[in-house]
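Below is one structure; the comments refer to it alone.
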Number of protein chains: 2
Amino acid sequence: MKPTGSNLDAVRRHNLGRILDLVHREGSLSRSALTRETGLNRSTIAALVAELVSRGLVVEGVPATEGVVGRPSPVVSPSEGTVVLAINPEYDAITVAAVTLGGRVIERVRRGFRTGPSVQRAVTESAALVSELRGRLPSDVRIAGIGVAVPALVRAEDGMVRLAPRLGWVDAPLAELLADVTGLPVLVDNDASLGARAEYHFGAGRGIDDLIYLNGGASGIGGGLILGGRPIRGAGGYAGEFGHTFSTEGGIPLERAVTRDALVDAVAPGADIDDAELERLLRATPHPITATHAEILGRSLGGMINIVNPSRIVLGGFLGIIAACEPELLAARVARYALVPPGEEAEIVRAELGADLLLIGAAEPVIDRLIADPGRMPVRLPGARPAELQR
Amino acid sequence: MKPTGSNLDAVRRHNLGRILDLVHREGSLSRSALTRETGLNRSTIAALVAELVSRGLVVEGVPATEGVVGRPSPVVSPSEGTVVLAINPEYDAITVAAVTLGGRVIERVRRGFRTGPSVQRAVTESAALVSELRGRLPSDVRIAGIGVAVPALVRAEDGMVRLAPRLGWVDAPLAELLADVTGLPVLVDNDASLGARAEYHFGAGRGIDDLIYLNGGASGIGGGLILGGRPIRGAGGYAGEFGHTFSTEGGIPLERAVTRDALVDAVAPGADIDDAELERLLRATPHPITATHAEILGRSLGGMINIVNPSRIVLGGFLGIIAACEPELLAARVARYALVPPGEEAEIVRAELGADLLLIGAAEPVIDRLIADPGRMPVRLPGARPAELQR
DNA sequence: GCTAATTGTTGTTTACGCCACCAAAAGATA
DNA sequence: TATCTTTTGGTGGCGTAAACAACAATTAGC
């Protein structure tokens with residue numbers, strides 16, 4: 001049973017969180033813009049921002065002289081004094097990054113592997129990378145928590161990795177293990193779901209409250225769903241796992257009918273190339289495989305559209321390449337299999353965020369917790385005076 | 001741009017609404033239960049309940065002597081002094097009902113037609129039925145608003161009926177028209193979506209935050225989606241319109257492959273029978289059509305499960321009959337086409353709510369508005385003293 | 001009939017956002 | 001250049017909603 005009543009503390013929390021949310025999403029806003037957006041009183045905003053500054057979450061900067069009448073309003077921006085550590089374990093590497101409010105990656109370390117790491121090794125390596133990263137950050141930077149994006153089916157409530165086929169993990173209590181070695185709060189979720197959130201907040205899905213995100217990677221197709229402006233997980237965190245959706249009557253999963261390997265084999269058999277190179281080759285020497293893939297993909301998209309009625313579909317990874325190479329064919333195929341009313345509303349676009357996508361996404365749940373209760377971060381000691389407004 | 005800041009008024013609104021929500025869902029709670037559920041102070045609950053009483057939304061009754069130690073706590077129940085008028089226009093009839101908080105239908109009038117009414121006629125008839133119904137209610141009963149469930153694609157924001165194939169309506173501003181003739185606020189939505197909400201709150205979907213509702217009627221199959229405890233509409237209100245989903249490779253819509261008419265023709269060709277009779281006949285003289293239908297339905301359900309990962313699927317109307325007649329076959333078919341992880345979590349059950357389903361559902365959005373701001377209802381005049389606690 | 005437990009009732013306290021007022025800072029105007 | 005207008009920051013007091021504490025009421029159990 002959750003606490004559902006509201007009291008004065010809740011008001012404060014909510015308003016602090018609202019401001020933090022706005023700063024997170026917009027990057028920078030003037031104090032007067034905050035009063036407009038929230039409808040709160042000027043004096044209230046001043047007090048709230050002051051508290052967020054004292055908690056090291058935002059900084060106030062010199063007003064942008066925008067050539068507008070009236071007294072200039074200080075600009076409120078995310079502070080770099082507080083970061084979220086984002087971890088992304090993959091088959092061949094682990095990446096750890098420091099992400100600020102506003103979704104900016106300010107530092108990053110990576111360590112590669114020959115083979116997929118065991119859970120234990122992944123935890124140990126992650127901890128080492130975290131230490132290394134913290135060493136690179138100024139000593140007074142505070143860590144709000146750790147967010148992890150795993151290519152796995154995850155029970156987000158307690159960070160249990162239930163099944164990670166590519167990594168070979170089963171029922172690994174990843175959040176608990178990482179929390180034990182780092183002493184920090186850890187939130188774990190599926191990588192594609194987190195990617196969807198990143199594109200929703202900062203990428204090709206900005207402001208689109210009903211969207212499907214699909215990402216094509218070397219090890220398969222993952223996806224995430226945002227409906228009504230909220231990430232949708234489904235009962236077991238499986239919603240949006242479109243890669244496993246059956247692509248055709250017979251019933252092979254989409255991610256086995258449409259693969260990156262097939263594209264690579266078509267233009268550079270056996271080569272180890274990245275997405276940019278793959279796209280360059282496919283554009284330079286067109287190959288019928290893009291059309292085949294576009295047809296299968298378009299049909300699957302049509303089926304999804306009929307069920308969830310998104311206003312946009314964001315394609316990342318090699319799916320973005322397919323969409324870029326065969327836009328008309330893909331659209332035609334979608335139009336054929338989607339119903340008219342939802343189909344014509346669904347716009348298909350390519351993902352915008354690049355390599356940092358999963359790191360930014362991994363930080364999101366931690367930032368959500370921060371937004372839910374900014375009081376979580378302690379006020380800075382009185383010794384370290386809040387930075388004066390300088391010019 | 002919405003007001004997003006919170007202040008003292010918002011706290012009061014939220015808490016009043018929270019209590020109203022609990023009373024609406026539970027039907028009756030003691031004041032002490034309210035303190036437990038909300039986490040608010042006893043004295044606060046007392047004040048809030050008093051305000052809701054003065055606004056005619058709830059009543060306090062004599063404590064149930066439950067054989068528990070301590071001073072008995074008064075029971076808070078929905079008041080019958082405030083109702084929502086629910087309207088359900090169909091092809092062959094219009095029904096209007098008075099629904100109280102708690103989803104109880106206390107009065108109902110219905111008028112049949114030979115042919116589907118035009119928009120204008122539906123509005124006129126509805127207004128007449130509303131007048132008739134109001135005449136049957138005590139004169140001091142207050143109307144919170146009108147909720148309408150239409151078998152149509154609806155833009156809920158402004159109550160525009162965009163397309164009602166069966167009724168032959170296109171772009172009819174139904175909410176506006178009804179508001180004009182009745183002088184009451186009107187909220188319109190798709191009937192199946194509202195049915196889903198009714199089953200979620202009061203029927204087979206109680207407490208299930210991720211569910212698919214599918215209803216089979218004479219004119220087709222409609223559906224609604226609840227994900228993360230929220231009704232999902234999609235970008236254009238088309239989410240959950242599973243009837244139009246393609247059922248097989250070739251691509252005829254589910255609602256044309258699985259029809260009530262086919263079932264009726266199998267056991268009583270050309271007869272005009274209701275669902276109860278249809279079920280009785282199908283059980284008395286089994287017919288292979290139930291198996292065929294169960295197979296097609298099961299496969300479609302499998303596809304839906306893979307995408308939204310519900311923990312329950314609620315089947316109403318003749319789909320409930322199919323589920324009841326062929327439970328093993330349906331389950332087997334679902335298991336075959338759904339992926340294992342989401343498939344084994346999805347329980348298939350039959351709808352519980354009967355004839356009042358759509359009326360209860362139609363009232364929901366109006367009640368939501370009430371919950372969002374109970375201050376909407378004015379306090380009763382000082383002349384009519386709030387009812388004393390009687391025993 | 002007494003005690004323990006629970007809850008209603010009442011008056012006081014606390015904290016948050018609002019408001020009114022004044023000062024500051026910029027563009028607009030003369 | 002000086003002044004006016006507009007917009008915003010800063011400050012102290014105010015209203016209000018929930019929390020709190022103390023007391024009264026009511027029941028079960030012994």
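- Listed nucleotides: C/dT7, C/dA5, D/dT8. Nearest to the side chain of B/Val69: C/dA5.
- Following rounding to the nearest Å, B/His14 (NE2) and D/dA18 (C1') show an atom-to-atom distance of 14 Å.
- Judged by closest nucleotide on DNA chain D, A/Ser32 is the one of A/Ser32 and B/Pro72 placed further toward the 5' end.
- A close approach under 4.0 Å does not occur between any side-chain nitrogen or oxygen of A/Arg71 and OP1 or OP2 of C/dA23.
- One atom, CZ of A/Arg13, and another, P of D/dA18, lie 15 Å apart when rounded to the nearest Å.
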The contact string for nucleotides 11-16 of chain C, one letter per nucleotide 5' to 3', using protein heavy atoms under 4.0 Å with B, S and - for base, sugar-phosphate only and none, comes out as ----BB
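- In this structure, A/Ser73 contributes its side chain and A/Ser32 its backbone to a donor-acceptor pair below 3.5 Å.
- Following rounding to the nearest Å, A/Asn41 (CG) and D/dG15 (C1') show an atom-to-atom distance of 14 Å.
- Counting to the nearest Å, the P atom of D/dT16 and the CG atom of B/Leu16 are 16 Å from each other.
- Salt bridge A/Arg25/A/Asp21: present, at least one basic N to carboxylate O contact under 4.0 Å.
- The existence of a salt bridge linking B/Arg197 and B/Asp189 is excluded, since no basic side-chain nitrogen approaches an acidic carboxylate oxygen closer than 4.0 Å.
- The CZ atom of A/Arg42 sits 12 Å away from the P atom of C/dC18 (whole-angstrom rounding).
- The closest donor-acceptor contact from the side chain of B/Arg31 to the backbone of B/Glu60 lies at 3.5 Å or more, if one exists at all.
- Atoms CD1 (A/Ile45) and P (C/dG17) sit 9 Å apart, rounded to a whole Å.
- Of all nucleotides listed (C/dA26, D/dA22, C/dC18), C/dC18 comes nearest to the side chain of A/Leu40.
- Considering only side-chain N and O atoms, B/Arg36 lies under 4.0 angstrom from the phosphate OP1 or OP2 of C/dT7.
- At the phosphate of C/dT7, neither OP1 nor OP2 sits under 4.0 Å from any side-chain N or O atom of B/Thr35.
- Taking atom CG of residue B/Leu34 and atom P of nucleotide C/dT7, one finds them 12 Å apart after rounding to whole Å.
- Under a 3.5 Å cut-off, the side chain of B/Arg142 and the backbone N or O of B/Arg55 do form a donor-acceptor pair.
- In this structure, CG on B/Leu101 lies 8.0 Å from OG1 on B/Thr82, to the nearest 0.5 angstrom.
- Contact check for B/Ser79 versus B/Leu57: no side-chain heavy atoms found under the 4.5 Å cut-off.
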